[in-house]
Amino acid sequence: MQTQDLLYLDFSRNAAGAVIGNLTLGDEPLLSTSHPATLAAAVYAMGASAITMKTADGECKIPFPLTYVTVFGREANLAEDEIVFLRAFGTFSHIAFDAPEDFDIYSEDHLRATVEHLPRQLVVIRPKTPEPKGWAKIFKAKNSFIYYPFC
């Protein structure tokens, strides 16, 4: 069984009511974040080509990168802000986080942050460049959007 067969996405809320995307491997929490790009970078770093989305209505395997976000969100009876999160996640799922376009100055930071948090044995794609100057400050800022693992 491949890692992606056990990779799940569901949603929760923080104290302010904002949507949190939770990524688990089976029942083991991997990453919870309010930033859909960081979540997409984590799935990308693990080299997964699909994830299973859990909702109150059940489970559905979805491809990575996502292709049918608009229809799926409505069919799964997600709240409007969860659909917005899922659409953003779908958009970010098409980014090559280890080789972003020249104008994209943030994607590699999302990848680098997820690689810091994910178990080493699950990461198959890592940043191709060394840590940028001031990475500790950037990482601290990224961690303000990460709820698990606790930073």
Side-chain angles (χ1 to χ4, degrees), residues 2-4 6-25 28-55 61-74 76 78-151:
Q2 296 180 346
T3 299
Q4 72 187 26
L6 299 172
L7 200 56
Y8 294 95
L9 170 65
D10 67 15
F11 298 113
S12 61
R13 305 262 173 186
N14 68 11
V19 176
I20 305 297
N22 304 298
L23 194 61
T24 60
L25 184 62
E28 181 182 336
L30 294 177
L31 184 70
S32 293
T33 179
S34 60
H35 202 304
T38 303
L39 197 63
V43 176
Y44 182 85
M46 289 185 280
S49 60
I51 58 176
T52 300
M53 174 121 172
K54 290 183 182 181
T55 69
K61 191 166 222 161
I62 53 178
F64 189 86
L66 274 69
T67 54
Y68 50 90
V69 173
T70 303
V71 173
F72 176 75
R74 299 262 182 245
L78 296 174
E80 189 63 35
D81 56 352
E82 292 171 336
I83 293 170
V84 169
F85 186 100
L86 188 58
R87 284 183 184 153
F89 175 74
T91 298
F92 292 123
S93 73
H94 292 271
I95 293 174
F97 286 90
D98 61 333
E101 299 290 331
D102 290 340
F103 63 85
D104 184 348
I105 60 172
Y106 299 110
S107 291
E108 193 172 306
D109 291 344
H110 288 288
L111 178 63
R112 195 174 300 284
T114 62
V115 167
E116 296 268 353
H117 289 297
L118 293 172
R120 293 183 88 50
Q121 69 273 17
L122 297 180
V123 176
V124 297
I125 300 172
R126 299 179 184 284
K128 294 178 181 176
T129 60
E131 285 184 2
K133 185 176 182 179
W135 169 244
K137 184 176 180 181
I138 296 167
F139 185 56
K140 183 177 180 180
K142 292 277 180 232
N143 280 340
S144 67
F145 298 98
I146 295 176
Y147 293 81
Y148 184 90
F150 306 109
C151 305

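Here the structure is a predicted model, which is why all the values come from computation and not from measurement. Along the sequence shown, residues carry numbers from 1.
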Which heavy atom of [X] sits nearest to which heavy atom of [Y], and what is that distance?
X	Y	result
Tyr147	Ile20	CE1-CD1, 3.1 Å
Pro36	Phe92	C-CD1, 3.9 Å
Ile125	Leu111	O-CD1, 3.9 Å
Val43	Phe89	CG2-CZ, 4.1 Å
Ser93	Leu66	OG-N, 3.0 Å
Thr24	Pro29	CG2-CA, 3.8 Å

Is a donor on one side and an acceptor on the other found under 3.5 Å between the side chain of [X] and the backbone of [Y]?
X	Y	value
Asn14	Gly17	yes
Ser107	Pro100	no
Ser144	Lys140	no
His110	Leu39	no
Glu82	Ala79	yes
Thr33	Phe145	yes

When rounded to the nearest 0.5 angstrom, what is the spacing between [atom1] in [X] and [atom2] in [Y]?
X	Y	atom1	atom2	result
Leu23	His117	CG	NE2	13.0 Å
Thr55	Phe11	OG1	CZ	9.5 Å
Leu122	Thr114	CG	OG1	11.5 Å

Test log, rule side-chain contact (heavy atoms from CB on, under 4.5 Å), inputs Leu86 and Met53: CA-CA 10 Å; Leu86 188 58; Met53 174 121 172; 4.0 Å; yes
Leu7 and Met46: CA distance, side-chain angles, deciding distance, side-chain contact (heavy atoms from CB on, under 4.5 Å) verdict: CA-CA 10 Å; Leu7 200 56; Met46 289 185 280; 3.7 Å; yes
Side-chain donor-acceptor pairs of residues 126-139 under 3.5 Å, sequence neighbours excluded:
unit_1: Thr129; atom_1: OG1; unit_2: Glu108; atom_2: OE2; d: 2.3
unit_1: Thr129; atom_1: OG1; unit_2: Arg112; atom_2: NH2; d: 3.2

Side chain proximity check, Leu9 to Thr52, heavy atoms < 4.5 angstrom: no
Close side-chain approach of Ser34 to Val19, heavy-atom, < 4.5 Å: no
Working for side-chain contact (heavy atoms from CB on, under 4.5 Å), residues Arg13 and Asp81: CA-CA 11 Å; Arg13 305 262 173 186; Asp81 56 352; 2.4 Å; yes
Other residues, nucleotides, ligands: >12 heavy atoms within 6.0 Å of Glu101 CD: no
Results of salt bridge (Lys or Arg N to Asp or Glu O under 4.0 Å) for Asp104 - residues two or more places apart only: none
Pair Asn22-Tyr8, side-chain hydrogen bond (donor to acceptor under 3.5 Å, both in side chains): steps then yes or no: CA-CA 8 Å; Asn22 304 298; Tyr8 294 95; over 6 Å; no
